[in-house]
Protein chains: 2
Amino acid sequence: MSTHAARVAAPTRREQILREAARLFAERGFHGVGVDEIGAAVGISGPGLYRHFPGKDAMLAELLVGISERLLEGGRRRVAEDEARGGGSPEALLDALIEGHIDFALDDRPLITLHDRELDRLRDTDRKRVRRLQREYVEVWVGVVRALYPSLAENRARVTVHAVFGLLNSTPHLARPDALPGRAATAGLLHRLARGAFAAAETA
Amino acid sequence: MSTHAARVAAPTRREQILREAARLFAERGFHGVGVDEIGAAVGISGPGLYRHFPGKDAMLAELLVGISERLLEGGRRRVAEDEARGGGSPEALLDALIEGHIDFALDDRPLITLHDRELDRLRDTDRKRVRRLQREYVEVWVGVVRALYPSLAENRARVTVHAVFGLLNSTPHLARPDALPGRAATAGLLHRLARGAFAAAETA
DNA sequence: CCCTCAGGTTAACGAGCGCTAACGACCCTG
DNA sequence: CAGGGTCGTTAGCGCTCGTTAACCTGAGGG
C-alpha cells in the first residue's frame, strides 16, 4: 500500500524482467510463456516476480502501453520540432517520422511484434488505452501525409499509413534476422520503400 | 483407418469447423479459444470435434498448411501462365502476383492473420513444412522482382518482398474493417502502394 | 429385424499454470 | 543489536482446458 512508489533510481530488476518478458512473449506468445520461464530468464524463479508486478497481465500491459506511448510521444515531438522550425517542410517531417519508426522497428523488435500481435490479451481497460494511443499515433501520421499530399482523401491516407506500418514492421517477422544487409542499409531501404509507397498513394 | 478418404463431395462439417476455427483463432488467438467454443460455433459441443480432427493442433496445422500451399500454388501458377504466354512481361507478372495476394488478404483475412501470427504454435514438423512453403513463395516473388529490376541485389529484393507482404497484409489488422473505402478501391490502392514500394527499391 | 457405423452426447481425468501463503535472509536505520 | 522493509524462496491450491471413456441415436444394408 506504499504510496509514492516510483522514486528516482531505475529499479533495474523491473526493467530486466520487462525486457526478458518482451523477448519471451514475442518468441512464444503471451500464453505460451509461463511465469517460471520469465523468472528463470532473470535469475529468480517463479513467484518472485510478484514482488515486482501484480500479475502476468500487468507485465504485458506495461509493455504495450509503454511502447504505444513512446511511439506517440516520438511522433508528436517530431511534429512539434517541425512547427518550431517554422513548419514549412512536410517532406522533412515525414522523413523524420519514418526514421523514428524504423529505429523502433529495428531496435525493439520484440516490442513491435507484441504491439500488433498480443493486443487482445489485455484487459478491457488496458486494451482500450493502447488502442487509443495507437489511433492517435496513426492520426499524427495521417495529418503529416495529408499536408504533403493534399489531394489524398483522408480514409485513403489512413489505409496507406496502416499499410506503411505493416511494411516498416515487417523485419521482425523475418525468419533469419542475420540475413539483413546491415542495419544502416536496411533502414535506408525501408525508408525508401515507405516513401515510394506514399508517393504512389498520391497518384489517384 | 479408411483409406482413400477425401472422395468428392465436400465434407461440409469439416470445412465448417475449419472456417469457424480460423475465425476464432484470428480473433482471440490459438490459446485463447477453447474447443468448446469451436464446437459451439458449429452447433455441436465440445469433444464432438474429435470425430473430425485428432486434436486442436491438427485444426491449426491444416489451416496453416492449407493457406501456405494455396499461396505458393497460386504464385507458381501465375509464373507458369506467364511463361506460357512467352514470358516477356515481368511487369504484368508482378501485377498478377500482387493481385492474387491482395485477393487473399482481403477475402481470407482470418487465414492471413493466422499465417504470420500463430505459426510457432505448431509442432516442429508442421512448422517446418509451413516455413518451407512460405520461403518458396517468397522466392517466387524474388525471382519475378529481380527479373523486373535486375539491378536489385538478391538480399535487398528479399527484404523488399517481405516488406511488401507486410504492406499487403496490413488490412486485416485494421481496427474497423468497415472504414475501408470499398473492396475494389482498397485493392487498387494496395496494388499501387506495392508497386510504388518496388519501384522505390530499384533506385539504389 | 438386427448389425454396423458415423457422429453425436456427458462425465471425468490429468496436466499445466497463475497465483497465494508462509517463511527466510539480508540490509539499513535508530 | 533489535526491528522492519525488500526481495527472495518453496509448497500447494484451484481453475482451466485438452483429451479420453463410455454411452446413445438414427440411418442404411443384408
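Proteins get letters first, then strands, A, B, ... in listed order; numbering begins at 1 in each.
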**Q** Using whole Å, what does the distance between atom C1' of nucleotide C/dA15 and atom CG of A/D36 come to?
**A** 14 Å
**Q** With sequence neighbours excluded, what pairs up with A/D95 under the salt bridge (Lys or Arg N to Asp or Glu O under 4.0 Å) test?
**A** A/R195
**Q** Expressed as a whole number of angstroms, how long is the span from A/M59:CE to C/dC17:C1'?
**A** 13 Å
**Q** Quick one: side chains of residues 38-45 of chain B, donor-acceptor pairs under 3.5 Å with protein atoms, not counting sequence neighbours, listed by atom name and distance.
**A**
none

**Q** Mind checking salt bridge (Lys or Arg N to Asp or Glu O under 4.0 Å) for A/E62 and listing every partner two or more places apart, or none if nothing turns up?
**A** A/R14
**Q** Suppose we screen for salt bridge (Lys or Arg N to Asp or Glu O under 4.0 Å). Which residues come up paired with A/R117, at least two apart in sequence or across chains?
**A** none
**Q** Distance check needed: C/dG8 C1' versus B/R13 CZ, whole Å only.
**A** 9 Å
**Q** Using whole Å, what does the distance between atom C1' of nucleotide D/dT6 and atom CD1 of A/I17 come to?
**A** 13 Å
**Q** Whole angstroms only, please: what is the CG-C1' distance between B/D57 and D/dG18?
**A** 9 Å
**Q** Could you check which residues of residues 37-55 of chain B get a heavy atom under 4.0 Å from DNA chain D? Sort them by number, please.
**A** B/P47, B/Y50, B/R51, B/G55
**Q** Kindly write out the residues that satisfy ring-ring contact (aromatic ring centres under 6.0 Å, His included) with A/F25, not counting sequence neighbours, or none if the list is empty.
**A** A/F30
**Q** Need the bend value for the helix from C/dC1-D/dG30 to C/dG30-D/dC1: angle between end axes, 5 pairs each end, nearest 10°.
**A** 10°
**Q** Please identify each residue that fulfils side chain to side chain donor-acceptor pair (under 3.5 Å) with A/R76, with sequence neighbours left out.
**A** A/E136
**Q** What residues, two or more places apart in sequence or in another chain, satisfy salt bridge (Lys or Arg N to Asp or Glu O under 4.0 Å) together with B/E154?
**A** B/R146, B/R158
**Q** Taking only heavy atoms on the protein side, list every residue of residues 22-30 of chain A lying under 4.0 Å from any atom of DNA chain D, sorted numerically.
**A** none
**Q** Check B/V161, B/L93, B/I98 against B/V144 for a side-chain contact (heavy atoms from CB on, under 4.5 Å) and give me the one that passes.
**A** B/L93
**Q** Strictly by salt bridge (Lys or Arg N to Asp or Glu O under 4.0 Å), give each pair with a member in residues 30-48 of chain A just once, sequence neighbours left out.
**A** A/R28-A/E37
**Q** Sort and list the pairs that fulfil salt bridge (Lys or Arg N to Asp or Glu O under 4.0 Å) and have at least one residue in residues 98-107 of chain A, not counting sequence neighbours.
**A** A/D103-A/R183, A/D107-A/R183
**Q** For residues A/G196 and B/A200, report the shortest heavy-atom separation together with the two atoms involved.
**A** CA-CB, 3.6 Å
